[in-house]
2 protein chains.
Amino acid sequence: MLRAAITSGEMRPGEHYSAISLSQRLGVSRTPVREALQLLEKEGIVRIEKNRGVRVIQMSLDEIVQIFQIRIILEPPAAARGAEAATDEDLHHIQELHGNILEAAAAGDGPRTLQADKEFHLFLLGLAGNARLTDLDRELRNLVLTRGLVTIPSTRSGQDLADDRREIMEALVRRDSRAVALAVREHVTRTAKLLITGVSANTPGLSADDYLIKIDQLSKHCQ
Amino acid sequence: MLRAAITSGEMRPGEHYSAISLSQRLGVSRTPVREALQLLEKEGIVRIEKNRGVRVIQMSLDEIVQIFQIRIILEPPAAARGAEAATDEDLHHIQELHGNILEAAAAGDGPRTLQADKEFHLFLLGLAGNARLTDLDRELRNLVLTRGLVTIPSTRSGQDLADDRREIMEALVRRDSRAVALAVREHVTRTAKLLITGVSANTPGLSADDYLIKIDQLSKHCQ
DNA sequence: CCCACATGAGTAGCATGCAACCAGTCACAA
DNA sequence: TTGTGACTGGTTGCATGCTACTCATGTGGG
């Protein structure tokens with residue numbers, strides 16, 4: 001699909017493209033391209049400028065912050081509910097998923113680690129029995145992935161994230177939903193801060209501090 | 001737009017429609033209708049069935065619960081943050097919006113009350129400075145409105161909702177963000193339960209209890 | 001030299017033709 | 001009577017022509 005072309009970095013953010021050239025490149029007509037672009041615009045990945053073409057949105061730090069603010073609000077309670085509702089089979093399966101992450105990480109396979117991490121979290125959220133919430137979270141995750149900003153985690157931070165996940169797992173098997181919520185929140189918050197510092201480091205003249213503050217501004221009210 | 005036709009009850013849920021007939025009815029060609037339908041499908045308002053036509057989704061109680069679960073998780077922290085960030089002008093404006101609700105309610109104008117209520121809440125959420133969250137909430141609100149299920153609130157429950165809002169306002173002017181969060185949560189929860197009992201009452205053989213339970217199952221983990 | 005205006009290239013958006021496809025119906029054979 | 005097959009009406013989805021609009025460039029006048 002078109003989404004793949006953008007996600008895979010084929011189309012660079014900020015650049016202009018036309019539906020005509022895209023349709024030629026994909027070997028289809030303008031109509032389906034146009035329709036796909038409208039859907040992508042609704043997702044916020046792309047901006048259609050009237051009679052001017054389409055532009056892949058350069059996601060700003062502000063938007064990244066907004067997305068993570070939402071995730072930090074949503075995921076902890078959902079995961080906690082998931083922990084309550086999980087059957088023994090579910091726990092078994094999630095342990096497998098956790099194993100997959102460790103495996104991929106040990107192999108140093110960044111993309112696969114990311115994918116496995118996503119499956120792990122989405123499965124956990126899915127246990128809460130709210131499909132719409134799960135879909136929403138998936139979309140939010142895709143959004144940040146869209147930008148090439150998959151800052152490969154350093155070994156140091158990668159270890160922290162792994163510790164977080166282990167904590168989630170332990171709380172899960174204890175069926176301690178409150179601990180699950182806290183651990184998930186910690187995990188997502190850490191991911192957000194890593195990403196923000198990473199991006200701001202690559203962008204000269206941009207201080208991460210202002211954005212790091214915002215991450216907590218909203219979530220502190222969840223208590 | 002097309003959305004209006006569905007929302008206004010022109011198109012009944014569960015019924016089949018074709019893009020052809022819709023385009024004729026709206027006096028445009030099939031293409032824009034088709035594109036609009038795709039967007040509506042992404043929002044979950046409509047389901048496109050291949051070579052079969054399009055069907056306005058009959059929103060189930062399950063989905064209503066899911067939507068409100070999300071709203072109950074999202075809105076309180078956002079409103080609390082909004083209370084912190086609000087300027088005096090903002091407070092003044094929101095008082096006007098609050099006045100509008102009371103006015104419309106006093107006039108017995110149901111739709112206008114609903115509209116004013118929406119503006120009130122969305123403005124409050126907007127103060128949190130997270131546009132994506134505000135948009136998301138707007139969409140969630142539209143979803144439940146989509147169904148004709150705008151169960152006109154009885155005078156009794158309408159009074160309760162008004163009391164909730166007054167409580168929100170008072171907490172706002174006190175700049176008591178914690179109280180704002182609690183009041184908003186109470187308000188949204190009450191709205192949800194009213195809707196659920198209303199819908200289940202109109203649907204014979206459907207017990208509201210199972211769904212009422214679910215409303216709290218997720219939100220209790222927010223604390 | 002500079003500004004205003006016309007002109008042209010390129011675009012999105014809409015209308016419409018066309019093919020593939022699905023569901024239900026009807027006829028025919030076992 | 002029942003099961004199977006083709007047929008038909010209606011639909012989506014894609015391709016393509018056409019119009020209106022936007023921006024940029026170039027030209028002519030001040």
Side-chain angles (χ1 to χ4, degrees), chain A residues 1-60 63 131 135 138-139 142-143 146-147, chain B residues 1-60 63 131-132 135 138-139 142-143 146-148:
Chain A
M1 235 271 236
L2 244 190
R3 169 179 273 111
I6 298 178
T7 310
S8 68
E10 284 281 320
M11 299 172 62
R12 288 205 308 276
E15 205 118 336
H16 269 280
Y17 298 91
S18 76
I20 295 178
S21 59
L22 287 176
S23 63
Q24 287 172 349
R25 214 159 90 185
L26 299 181
V28 293
S29 91
R30 283 150 31 213
T31 308
V33 170
R34 176 181 150 69
E35 290 169 349
L37 287 176
Q38 286 184 338
L39 292 179
L40 291 179
E41 186 188 32
K42 186 166 181 57
E43 286 189 28
I45 295 177
V46 124
R47 172 169 204 133
I48 297 178
E49 300 175 3
K50 204 171 160 72
N51 294 331
R52 287 270 310 159
V54 64
R55 173 199 300 264
V56 179
I57 285 184
Q58 167 74 287
M59 188 171 300
S60 67
E63 288 180 86
D135 285 345
R138 178 181 296 115
E139 198 172 293
N142 284 342
L143 270 175
T146 295
R147 186 167 161 175
Chain B
M1 233 269 238
L2 243 191
R3 168 178 275 111
I6 299 179
T7 309
S8 67
E10 284 279 323
M11 300 172 62
R12 287 205 308 276
E15 205 118 337
H16 269 281
Y17 297 91
S18 76
I20 295 178
S21 59
L22 288 175
S23 63
Q24 288 172 348
R25 214 159 91 186
L26 299 181
V28 293
S29 90
R30 283 150 33 215
T31 308
V33 171
R34 174 181 152 71
E35 290 169 350
L37 287 177
Q38 286 185 339
L39 291 180
L40 291 179
E41 186 187 33
K42 183 165 182 60
E43 286 188 28
I45 295 177
V46 123
R47 172 167 203 136
I48 298 178
E49 300 174 3
K50 202 172 161 70
N51 295 331
R52 289 268 310 161
V54 64
R55 172 198 301 266
V56 179
I57 285 185
Q58 168 75 286
M59 189 170 299
S60 68
E63 288 179 86
R132 186 173 287 270
D135 286 346
R138 178 181 298 115
E139 197 172 294
N142 284 342
L143 270 175
T146 295
R147 186 165 162 175

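Computation of the quantities below employed the complete heavy-atom set of this structure, encompassing side-chain atoms and omitting hydrogens, waters and symmetry-equivalent molecules. Every chain is numbered from 1, with letters handed out A, B, ... down the list of sequences.
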### Query
How far apart are the C-alpha atoms of A:R138 and A:D135, what are their side-chain angles, what is the distance that settles it, and do they pass the salt bridge (charged side-chain N to carboxylate O under 4.0 Å, His left out) test?
CA-CA 5 Å; A:R138 178 181 296 115; A:D135 285 345; 2.9 Å; yes

### Task
Supply the atom-to-atom distance B:E41 CD to B:R55 CZ, rounded to the nearest 0.5 angstrom.
13.0 Å

### Message
Could you measure the distance from the CG atom of A:L39 to the CD atom of B:E35? Nearest 0.5 Å is fine.
### Response
9.5 Å

### Message
What is the separation between atom NE2 on A:H16 and atom P on C:dA12, rounded to the nearest whole Å?
### Response
11 Å

### Between C:dG10 (C1') and A:R55 (CZ): distance, integer Å
16 Å

### Query
Which distance, rounded to the nearest 0.5 Å, do you find between the CZ of B:R30 and the OG of B:S18?
10.0 Å

#### Entry: Under 4.0 Å protein heavy-atom contact, by nucleotide of nucleotides 9-19 of chain D - B base, S sugar-phosphate only
--BBBBBBBB-

### Atom pair CD/CZ of A:E63 and B:R132 - distance to nearest 0.5 Å
6.0 Å

### Message
For a side chain to side chain contact (heavy atoms under 4.5 Å, CB included) check, start with the C-alpha distance between B:L40 and B:V54, then their side-chain angles and the critical distance, and finish with the verdict.
### Response
CA-CA 11 Å; B:L40 291 179; B:V54 64; over 6 Å; no

#### Entry: Gap separating the CD atom of B:E139 from the NZ atom of B:K42, nearest 0.5 angstrom
9.0 Å

### Query
Between the two end axes of the helix from C:dC1-D:dG30 to C:dA30-D:dT1, each built from 5 base pairs, what angle do you get to the nearest 10°?
10°

### Query
Taking it one step at a time, do A:I57 and A:V46 satisfy side chain to side chain contact (heavy atoms under 4.5 Å, CB included)?
CA-CA 5 Å; A:I57 285 184; A:V46 124; 5.6 Å; no

